[in-house]
Amino acid sequence: MSTFDISFIDSNGLIVNDDFDLSLIDSSDLIVTDDVESVYAPSKSIDSLDQSSATVDQSSELSSDHTAPQVNPSLKRIRKSRSKKPKTPIIYVGIESNGGACSRVFSTPNGSKLYKPDVDAEFLPPPIGTVYTDWQEIVAMYSRYASKAGFSTKLGTNKDRPENVSFRFIHCHRYGKPRFGNFSMANHHKRRSNRIKLTNCKACIRFKIYPGTSDLILYDWVEHHNHPLIGQEFMDFSKEQRTLTYSEQHMIHSLSLHNIGPNIAHKVQCTLKGGHHYVRGKRIDYKNWRRNIKLFIGHRDAQLTVNSLASRTTNLHNFFFDYKVEQMVVKALFWADDVSRCHYIEFGDVLAFDATYKTNMYKMIFVPFTGVDHHKRCVTFGAGLICDETIESYVWLLETFVKCHPKPPILVLTDQDAAMRSAVLKVFPTSAHRLCMWHIMMKLPAKIKGCNVDNDEVRTAIHNLVWDVLIDKDDFEMRWNTLMSQYNLTGHDWLNDMYGIRERWVPCYFSHLDMCCLMKTTSMCESSNAMFKVNTNRHNSLLQFLMSFDTAIDGQRHNQRELEFNMMNSSPLLHTNLRIEEHASRIYTPALFVEVQKEIERGMLQCTNNTPTVIGDVKLYTVTQYNRHFVPVCQFEVAFDVRDKATSCTCNLFKRIGYLCRHIFCVYRPEQVHAIPDRYISNRWKRDSLPRRVYDITNRYSVDNRVETRLRNEILDTVALCADRLRHNPTELSELCEQMKALKIKIFADVPYDPECNRTNAVISDILRVPETGPSTLILQHSVTKGSGYDKDKENNSGKRFVGPREKAINKIKKGKVARLCGNCKQHGHNARLCEKVQAAKAEAAAKLLASKASAAATMTDPT
């Protein structure tokens, strides 16, 4: 046996040590003894004693009815050498119930209390002398007891030699001496916590390890606590209940890839489980797990990201990756998978790219390359990260893009960034470079001075001119000069600068290019960038950003697969009885068929053609186009070759966008053309333009395709379906629950707990699918972007982005009171109801009414 010094909290709240020893004899009784050579037990139950002043002073042999996994019959008594101490009786006070957790309360001579858990026998630890071979089995056993008793546990060890562990302990969670600290007025910093959790509680279970074996012998069990126990309604806050499972850890990481933080993740879990009480862990535990992932990545971020992308080139078909390193610092990266390369082959005639900020903690600039697919949705051809926005960085990025996609695009669309333009002209010398019209036209209100009425008139006139795709260059220049003279803007510097580069952004200067009107702005880039920024934030590491990018790409491709599914399982609604409309519905995707259907319908209802002029085998038609009020608007010339049905129209819609115009469909009716000729069916708009492999599950990078993951998901789905089927049958649900518990016991017995694979770093390595350790030679440095607000010549830099004059003007208007705009006279300061013109018109109408009434009255009174 062994004797122990017990610490108590006295009536003043101070922790003191009593001079008496406790020996535990069984699960329900306690004695006080001064003899360390023998073991004493009471001759009758302590419950039969007087509860007002019961003392323990009799002895008997140690006995226990508890069962144990294994007992060594030749085990010698383990004693600890202690000096004899006088008896110190303790008094049984009563039973205290705290939310289902019962404990017997004892009083000590100094006034402090001891609490002994009252737990069913099936949960009690085995008797002294039990031998175990698995430490995790011991931990599980004592944890079950602790959860029923109302306390948490902590592990401890003791070594007789530096290299050998001889003793293992499982203590109460309040074991240990508290640190009060020294308070002084000179150093009174606010503590992180003003609560003391440790009371030096001696309740524990102790094991000795056989030398040279893995056997553990239970040689001591102290079950009295010097603090009240926790009620069952609060056990969800205990350490064991706050330990996150693998599924919950994986869920926190998966939600973070959708830019959902740990707080929201905890709320989602509470909603799914039906309340906070059923959720393991608090919000702080979810935050700590997110922190652990970042700490695991740490300084290896660059190396892990490069290794992850490099491994895809080996494991995935047709995956492309390249990166740039200077003095072991990663300066730029570019990657594209097989699906992106297939998309570029079919839809790479027009390429747009734009820089995006605040996607990672290193401020590296994210540059996705975007196009338009056959569903008229944005599609990604590849992505890059660069450390700065210099010409050299963009040149490297575009040259790497050419290595991946050798075919140059017809048209490249960017904003007005000078470095982008220089790089495009160098890398794509045969491609036309076009500036985004939206970026230019959005500056128009801020650049033009004057009253609001004139500003609106000028803006409307310029918009109508520059967006007109049917005028030619000479007509545009003539109308521009006329407009500038009309509004006295011939000396306007900004408008003259924009006119000087008109061949870079005005649509009529690109009318000779195929698909020139597919994208006139970088709105597709803005939409794509917004999609990526929804899934990431500026606090992400580079590896986390890569995973968030995979999640966003999978979302984009999921939408594409959904469109493909709807296209294959539905038929469009036809508006006419023309066979050419039915033919178009079979060859075009639904998104494009809507546009072609409008042209066919309007060619039949809003266009007329005259008698053609025949020149050899070519018929020349003049097609008159009407508006919705059937007023003639304009005329177009259509040439039709009777030999091969070759057709051309002066509106040039097929060259601009890739499908036939209403004027040609108007001519097809008298020429009895009932199907669109193959030469006018662009492959980029066809239903089957992409190969089937782009929709394969192996191309979805945010999907874990490992066998064990698929089986885990199948098991969870099966259990959920069974529980849903029995949701209104409590009896069957209870039976299912018992079956699952029995299966759990069997699995836990057959598959022992493996602490190695459940370590924090091992779990994170499994979730991130990266090695736990490895060499790391690459590093990352924080980048400085043009929009970061950083100026190297200034001592204090806020790091905030620059705010342009237009945004400043908008913010100024928002802070002040915006004057009303009259819808009648377009003047500010009043509304249409109070407009002077309206009031004058009403007064004039009233005067005319009075005059007509007076005239009618005079006519009625005139006798003649």
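- Geometrically, R502 engages Y499 in a cation-pi contact, judged by NZ or CZ lying under 6.0 Å from the ring centre and within 45° of the ring axis.
- With R684 contributing its side chain and H374 its backbone, the two residues share no donor-acceptor pair below 3.5 Å.
- Of the options L398, L397, L385, a side chain to side chain contact (heavy atoms under 4.5 Å, CB included) to F334 is made by L397 and by none of the others.
- In summary, the side chains of E564 and Y695 do present a donor paired with an acceptor at a separation below 3.5 Å, with no hydrogens or angles considered.
- Remark: the D554 side chain and the T551 side chain contain no N/O donor-acceptor pair separated by less than 3.5 Å.
- Judged by a 6.0 Å distance limit and a 45° cone about the ring axis, R312 is not positioned over the six-membered ring of F321.
- For the residue pair Y357 and E389, a side-chain donor N or O sits within less than 3.5 Å of a side-chain acceptor on the partner.
- Between the side chain of E599 and the main chain of L660, no donor-acceptor pair closer than 3.5 Å is present.
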### Message
Before you tell me yes or no, could you show the steps for F593 and R586 under side-chain contact (heavy atoms from CB on, under 4.5 Å), namely the whole-Å CA-CA distance, both residues' side-chain angles and the distance that decides it to 0.1 Å?
### Response
CA-CA 9 Å; F593 173 70; R586 287 187 282 106; over 6 Å; no
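- A donor and an acceptor atom, one from each side chain of S340 and R557, are located under 3.5 Å apart.
- Annotation: side chain of I681 is in contact with side chain of Y588 (closest heavy-atom distance under 4.5 Å).
- Side chain of E457 to main chain of Y487: no donor-acceptor pair is present (N/O by atom type, distance under 3.5 Å, no hydrogens or angles).
- Counting only distance, with no hydrogens or angles, the side chain of D696 and the backbone of N699 share no donor-acceptor pair below 3.5 Å.
- Not one N or O on the side chain of W480 forms a donor-acceptor pair closer than 3.5 Å with the backbone of L465.
- One side chain, H433 or T414, offers a donor N or O that lies under 3.5 Å from an acceptor on the other.
- Residue A675 comes nearest to V673 through the heavy atom pair O-CG1, 3.3 Å, listed as atom of the first residue, atom of the second, then distance.
- Checked against the 6.0 Å centroid criterion, the rings of Y344 and F369 do not qualify as a close aromatic pair.
- Between the side chains of H663 and Q625, at least one donor-acceptor pair of N or O atoms lies under 3.5 Å.
- Judged by distance alone, the side chains of E346 and S689 never bring a donor and an acceptor atom under 3.5 Å apart.
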### Message
Please evaluate residues V638 and T647 with respect to the criterion side-chain contact (heavy atoms from CB on, under 4.5 Å), reporting the C-alpha separation (whole Å), side-chain torsions for both, the decisive distance (0.1 Å), and the verdict.
### Response
CA-CA 7 Å; V638 177; T647 314; 3.7 Å; yes
